[in-house]
Amino acid sequence: MDEPYVRTVGFIEGDGIGPEIWRATKAVLDAAVELAYGSQRRIRWRELLAGEKAFRETGQWLPSETVEAIRELGVAIKGPLTTPVGFGIRSINVALRQVLDLYACIRPVRYIPGVPSPMKHPERVDMVVFRENTEDVYVGIEFPSGSPEAEELRRFLRERHGMEIRSGSAIGIKPMSPEGSRKLIRRAIRFALERNYPSLTLMHKGNIMKYTEGGFRQWGYDLAREEFGDRVIPESRLGEGPVPPGCVVLKDRLADQMFQQVLLRPEDYHVIATPNLNGDYLSDALAAQVGGLGMAPGANVGDQAALFEATHGSAPKYAGLDKVNPSSLILSGAMMLEHLGWMEAASAVEEALKRTISKGIMTYDLARQISSAREVTCSGFAEAVVRELEEGLSST
Ligand code: NAD
């Protein structure tokens with residue numbers, strides 16, 4: 001018999017509810033791989049330390065071995081990490097994105113039938129947000145009100161550029177580069193073309209922030225023309241006709257208008273590429289449209305590594321209760337299988353999770369909104385998904 005193909009993947013179980021949603025996720029992913037490939041493929045899980053467990057065991061919140069291991073393995077998955085008070089940088093998550101140059105935060109937003117939603121037609125939402133992850137106001141260059149640095153910057157702007165900033169202002173800096181924006185938009189365009197999405201929208205606030213957000217828009221159009229030629233068609237050139245096969249339409253929308261559009265005309269939007277702060281707001285708002293953060297998968301991806309993660313936090317008050325919804329991490333695991341090219345296992349996970357929910361089997365966060373639902377624990381939900389996997393794959 002052939003030796004199985006074994007792929008080593010790193011995992012960080014996370015803080016708070018992390019260990020329980022990770023156990024649920026691992027059970028589902030292992031079952032999906034085994035059912036899809038028998039003894040031909042297997043994931044070898046390698047634990048990596050970060051957060052509270054790392055601090056307890058090594059005295060460091062983010063050991064350099066963890067960063068090196070993610071770089072070496074190329075793929076890892078993580079539960080949520082509590083932001084430690086007094087850690088040098090703002091959060092371990094932001095640190096991981098910056099040191100590994102995970103420049104794209106990718107969040108698919110799709111409705112799963114049966115999940116309670118505030119929308120009349122949540123099924124019209126099928127979007128993937130590509131949020132730039134390393135630039136913009138998130139670089140953290142900020143000076144407090146009244147600080148010598150803020151006063152020095154005020155003086156510099158007044159004396160050298162004749163610009164007045166109100167006395168006592170706190171000042172933040174918003175750097176956005178053509179290189180950083182182009183890397184993100186290139187990845188988003190490739191994704192849209194590979195998956196046959198009809199449109200890609202650049203979301204920006206370039207009417208007000210002309211050189212940063214406006215730059216993002218312009219760099220996007222330039223890149224599309226220079227690198228993708230006729231395969232990417234600006235909306236202004238398309239007219240009323242259909243999108244030619246194998247092509248994608250490039251649109252741009254102001255950030256404020258985009259929030260209206262995704263509520264009023266969600267079916268017109270597919271892949272969205274956007275700077276960091278806009279993307280932060282939009283991806284959480286879209287997650288709420290289709291049932292909340294407990295359901296939303298996500299990945300932080302760069303050219304050398306990809307880190308898949310639950311998009312919610314560590315919810316410490318629920319830790320150890322075996323109560324919360326593991327769907328966000330399970331669906332992030334499905335994205336990870338897709339990234340590895342293990343498509344059969346990836347779609348089996350998604351389908352099994354959909355069938356579980358459509359039968360009304362849900363954790364408390366969803367069950368409390370639906371009178372006919374059968375509430376299960378976090379581990380009970382994973383068991384139900386594994387049962388669906390077994391039934392789904394044995395019937396094909
Ligand atoms: P949170 O997402 O942890 O929890 C807020 C509330 O959302 C919870 O009290 C709970 O009611 C609900 N919730 C969250 N996840 C759920 C799930 N899987 N199932 C059901 N309900 C769920 O947000 P917070 O309380 O603001 O943050 C707690 C900690 O997590 C903080 O230290 C924060 O910095 C950190 N955090 C980490 C990440 C990450 O690792 N990516 C993201 C956000 C917040």
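Remember, it's 1-based here, ligands and their atoms both numbered in the order they're listed. Both backbone and side-chain heavy atoms feed into the values below; hydrogens, waters and symmetry mates do not.
- Protein heavy atom at the shortest distance from atom 10 (C) of ligand 1 is Y318 CE1, 3.5 Å.
- A heavy-atom distance below 4.5 Å is not found between the side chains of V301 and L102.
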Which atom pairs, donor and acceptor, lie under 3.5 Å between side-chain atoms of residues 191-200 and protein residues at least two apart or in another chain?
{"unit_1": "R195", "atom_1": "NH1", "unit_2": "E338", "atom_2": "OE2", "d": "2.5"}
{"unit_1": "R195", "atom_1": "NH2", "unit_2": "E338", "atom_2": "OE2", "d": "3.2"}
{"unit_1": "S199", "atom_1": "OG", "unit_2": "H270", "atom_2": "ND1", "d": "2.7"}

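- With Y364 as the aromatic partner, K323 meets the cation-pi criteria of under 6.0 angstrom to the ring centre and within 45 degrees of the ring axis.
- Distance check for atom 30 (O) of ligand 1: a protein heavy atom is found below 4.0 Å.
- Expressed to the nearest 0.5 Å, how far CZ of R7 lies from CG of L337 amounts to 11.5 Å.
- Remark: ligand 1 atoms within the under-4.0 Å shell around heavy atoms of T82 are 32 (O).
- When hydrogens are left out, the protein atom nearest atom 35 (C) of ligand 1 is L81 O, 3.5 Å; that is the closest non-hydrogen contact.
- Contact atoms of ligand 1 toward E309: 41 (N) (distance under 4.0 Å to a heavy atom of the residue).
- In terms of protein heavy-atom proximity, atom 13 (N) of ligand 1 is closest to A315 CB, 4.4 Å.
- Distances from atom 28 (C) of ligand 1 to the heavy atoms of S314, A296, G14, P326 put S314 nearest.
- Between the side chains of D256 and Q260, not a single donor N or O lies within less than 3.5 Å of an accepting N or O.
- Heavy-atom contacts of N325 reach the following atoms of ligand 1: 17 (C), 18 (N), 19 (N), 20 (C) (cutoff under 4.0 Å).
- Inside a 4.0 Å radius of atom 24 (P) of ligand 1 there is not any protein heavy atom.
- Looking at atom 34 (O) of ligand 1, its nearest protein heavy atom turns out to be T83 OG1, 2.6 Å.
- Under 4.0 Å is where a charged nitrogen must lie from a carboxylate oxygen, and between R155 and E152 no such pair does.
- Which of K323, K317, H312, E20 comes nearest to atom 16 (C) of ligand 1 through a heavy atom is settled by distance: it is H312.
- At a heavy-atom cutoff of 4.0 Å, ligand 1 is contacted by the side chain of D365 but not by its backbone.
- Here the NZ-CG distance, from K354 to L331, works out to 9.5 Å after rounding to the nearest 0.5 Å.
- The Y364 neighbourhood of ligand 1 comprises atoms 11 (O), 20 (C), 21 (N), with distances under 4.0 Å to a heavy atom of that residue.
- Of all the atoms in ligand 1, the ones that sit under 4.0 Å from a non-hydrogen atom of N93 are 37 (C), 38 (C), 39 (C), 40 (O), 41 (N).
- In this structure, K174 is not positioned above the aromatic face of Y211 in the sense of NZ or CZ being under 6.0 Å from the six-membered ring centre and within 45° of the axis.
- A salt bridge is absent between R107 and E309; no separation between the charged side-chain nitrogens and carboxylate oxygens falls under 4.0 Å.
- Residues R23 and E20 are not paired through a salt bridge, judged by the lack of any N-O separation under 4.0 Å between the basic side chain and the carboxylate.
- At a distance under 4.0 Å, a protein heavy atom can be found next to atom 38 (C) of ligand 1.
- Remark: ligand 1 atoms within the under-4.0 Å shell around heavy atoms of P80 are 40 (O).
- The aromatic rings of W342 and Y37 sit perpendicular to each other, their planes meeting at more than 60°, with 30° as the lower class boundary.
- Not a single protein heavy atom sits closer than 4.0 Å to atom 6 (C) of ligand 1.
- Of all protein heavy atoms, the one closest to atom 2 (O) of ligand 1 is G313 N, 2.7 Å.
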